[in-house]
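Not measured: the values here are computed from a predicted model. Ligands are counted one by one from 1 in listed order, and the atoms in each one are counted from 1 as well.
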Amino acid sequence: MAHELENEDPIKLAEFQAKIDAEIKIEPKDWMPEAYRQNLIRQISQHAHSEVIGMQPEGNWVSRAPSLRSKKILMAKIQDEAGHGLYLYCAAETLGVSRDQYIQWLHEGKAKYASVFNYPSPTWADMGAIGWLVDGAAIVNQVSLQRTSYGPYARAMVRICMEESFHQRQGYEIMARLMEGSEAQRKMAQDALDRWWWPSLMMFGPHDSDSAHSSQSMKWKIKRESNDDLRQQFIDKTIPQAELIGLKVPDENAKWNAETNHYETSDIDWDEFWNVIKGNGPCNRHRLAHHIKAHKDGEWVRAAAQAFAMKQNNKLKIA
Ligand code: FAQ
């Protein structure tokens, strides 16, 4: 990236940084360094892919939800995630790359999506854990991204955050209700927390010291808070929520430190994190294969929608 910046006009670069420092949003038609554009293309498209692939573990439970109420809520939640994907693809398209290209990069394994969605969801309690923990972690990250320097991304985040807070509550409600239930239901809730706790902490990315993009992204205010700071915020919020309903996070070293005003925890298993990112998690192959198949099966729907839109346009032109 340093090399790419050397090729940029230093005056334009200084003006660009001054705008960022003055908290003026960068808009699609504004001048921007190529490295800024490329970094956003990478992050926003990966974010969009995460929202869409993230529907799969929950989609697994739509037909098996335990009541009509919970089925309706789950369907609405999953539909919201599809909407988040759409806002984010639209924001990413303003950087001059088409949605087809983004999806092709995903299918070719050139673009990533959040590692957390490569874990299975074998029980109903997983729907609770995903809403509470995965959406909960996503909100902490996304609240900070509402202040990101790129206008279309920041604006997409505002609406997404409002919806994610409902998702977090629906997940926590599922867990709380299970914890009021039978011994088997309480065990199911604890088991889901045990399986989703560490993958949720991994959502914030590697430690700051190992984060390839952080320093430049923070300078350009693409990222407003560091991976480790956001992860700590999530830990500090979530452990008391677990305790309130009688759950325990699966970490013997988790304890409150009154001096730092933060929870201390064990370190993440980074081998597992990088292994999942490289494509070797329990569900990586399945998730991607499912997306490729759904995309192919939906080809006729896209063609029909496009033909309809063209017909409407022609009618307008004639009128
Ligand atoms: N998974 O240098 P950094 C949701 C990659 S939305 C996979 O620290 P950066 C809603 C990273 O891309 C959840 N890859 O990277 C929902 C980079 O590789 P690259 C998604 C990861 O970008 C809920 C390399 O490691 N949210 O859940 C991960 O500065 C329920 C080095 O890392 C977002 O995407 C990971 N966890 O910081 C939907 C938020 N972590 O690209 C359905 C926006 C790192 O060079 C159901 N994104 N990597 O090949 C971000 O804030 C940032 O991109 C981070 C990573 C914080 C994720």
Side-chain angles (χ1 to χ4, degrees), residues 1 38-61 74 77-85 87-88 91-92 105-106 109-119 121 126-148 150 153-154 156-157 160-161 163-168 170-171 196 198-231 234 268 270 272-279 281 284 287:
M1 191 177 286
Q38 290 300 334
N39 199 356
L40 280 172
I41 285 175
R42 179 193 66 83
Q43 179 167 325
I44 305 176
S45 69
Q46 292 187 174
H47 196 165
H49 298 325
S50 304
E51 300 280 356
V52 171
I53 297 268
M55 293 192 284
Q56 291 188 35
E58 291 174 314
N60 185 27
W61 277 91
L74 185 63
K77 194 248 186 231
I78 295 171
Q79 190 175 310
D80 284 351
E81 306 299 357
H84 298 174
Y87 311 151
L88 286 163
W105 283 334
L106 172 71
K110 290 181 185 154
K112 296 188 168 72
Y113 57 87
S115 51
V116 73
F117 299 119
N118 292 306
Y119 292 84
S121 51
D126 291 326
M127 298 305 97
I130 291 175
W132 171 38
L133 302 173
V134 179
D135 284 272
I139 296 170
V140 169
N141 176 288
Q142 291 171 161
V143 161
S144 133
L145 286 174
Q146 290 180 117
R147 293 182 297 118
T148 189
Y150 188 57
Y153 194 20
M157 281 299 113
I160 290 179
C161 280
E163 293 178 352
E164 299 288 29
S165 31
F166 283 106
H167 301 169
Q168 192 268 354
Q170 69 88 31
W196 289 93
W198 293 108
S200 303
L201 298 189
M202 292 175 197
M203 284 175 73
F204 296 92
H207 279 315
D208 298 344
S209 51
D210 298 322
S211 165
H213 301 289
S214 276
S215 113
Q216 188 60 69
S217 290
M218 298 279 280
K219 192 171 172 216
W220 278 333
K221 298 188 181 173
I222 291 174
K223 283 165 87 166
R224 303 300 306 243
E225 289 177 84
S226 82
N227 296 0
D228 285 328
D229 286 350
L230 290 170
R231 185 170 15 247
F234 173 72
I268 285 168
W270 292 110
E272 176 180 330
F273 172 75
W274 292 113
N275 199 35
V276 173
I277 285 191
K278 279 185 203 138
N284 291 59
R287 298 286 185 245

Does only the side chain of [X] get under 4.0 Å from ligand 1, or the backbone, or both, or neither? Count heavy atoms.
X	result
F273	side chain
V116	neither
K112	side chain
A138	side chain
L230	neither

In terms of atom number and element, which parts of ligand 1 are under 4.0 angstrom from non-hydrogen atoms of [X]?
X	result
M203	13 (C), 27 (O), 36 (N), 57 (C)
E164	10 (C)
E58	46 (C)
Q46	12 (O), 41 (O)
E51	6 (S), 10 (C), 16 (C), 38 (C)
A212	2 (O)

Exercise. Do H49 and W105 make the cut of ring centroids closer than 6.0 angstrom?
Worked result: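 No; W105 has its ring centre 6.0 Å or more from that of H49.
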What is the distance from atom [atom1] of [X] to atom [atom2] of [Y], rounded to the nearest 0.5 Å?
X	Y	atom1	atom2	answer
D126	L133	CG	CG	10.5 Å
M203	W198	CE	CH2	15.5 Å
D135	Q168	CG	CD	8.0 Å
S226	R231	OG	CZ	8.5 Å
L145	R224	CG	CZ	10.0 Å
N39	I44	CG	CD1	9.5 Å

Problem set entry | L145 heavy atom under 4.0 Å from ligand 1 | yes
Problem set entry | Non-hydrogen atom of H167 closer than 4.0 Å to ligand 1 |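 No, H167 has no heavy atom closer than 4.0 Å to ligand 1.
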Where is the nearest protein heavy atom to [atom]: which residue, which atom, and how far?
atom	value
atom 41 (O) of ligand 1	R42 NH1, 2.8 Å
atom 30 (C) of ligand 1	D135 OD2, 3.3 Å
atom 7 (C) of ligand 1	Y113 O, 3.3 Å
atom 1 (N) of ligand 1	S115 N, 2.9 Å
atom 39 (C) of ligand 1	N141 OD1, 3.4 Å
atom 48 (N) of ligand 1	I277 CD1, 3.8 Å
atom 38 (C) of ligand 1	E81 OE1, 3.3 Å
atom 47 (N) of ligand 1	Q43 NE2, 3.6 Å

Is the shortest heavy-atom distance from the side chain of [X] to the side chain of [Y] under 4.5 Å?
X	Y	answer
F166	D80	no
E51	H47	yes
S211	K223	yes
H84	H167	yes
L40	W220	no
V116	W196	yes
Y113	N118	yes

Would you indicate which of [options] comes nearest to [atom] when only heavy atoms are counted?
atom	options	result
atom 32 (O) of ligand 1	P206, A137, S215, G205	P206
atom 46 (C) of ligand 1	K77, M218, E225, H47	K77
atom 37 (O) of ligand 1	H213, R231, K223	K223
atom 3 (P) of ligand 1	G54, S211, S200	S211
atom 24 (C) of ligand 1	F117, Y153, W274, F204	W274

For this session: Flag atom 54 (C) of ligand 1 as yes if some protein heavy-atom distance to it falls below 4.0 Å, otherwise no.
Result: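 When distances to the protein are checked, atom 54 (C) of ligand 1 has no heavy atom within 4.0 Å.
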Donor-acceptor list for residues 52-61 side chains, cut-off 3.5 Å, not counting sequence neighbours:
unit_1: Q56; atom_1: NE2; unit_2: R287; atom_2: O; d: 3.0
unit_1: E58; atom_1: OE1; unit_2: K77; atom_2: NZ; d: 3.1
unit_1: E58; atom_1: OE2; unit_2: K77; atom_2: NZ; d: 2.9
unit_1: N60; atom_1: OD1; unit_2: R64; atom_2: NH2; d: 2.8
unit_1: N60; atom_1: ND2; unit_2: S121; atom_2: O; d: 3.1
unit_1: N60; atom_1: ND2; unit_2: S121; atom_2: OG; d: 3.2
unit_1: W61; atom_1: NE1; unit_2: S121; atom_2: O; d: 2.7

Exercise. Is there a nitrogen or oxygen of V134 sitting under 3.5 Å from a nitrogen or oxygen of ligand 1?
Worked result: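 It does not: no N or O of V134 is found under 3.5 Å from an N or O of ligand 1.
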Exercise. Do Q43 and H213 have a side chain donor and acceptor closer than 3.5 Å?
Worked result: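 On atom types as modelled, these side chains do not qualify, holding no pair under 3.5 Å.
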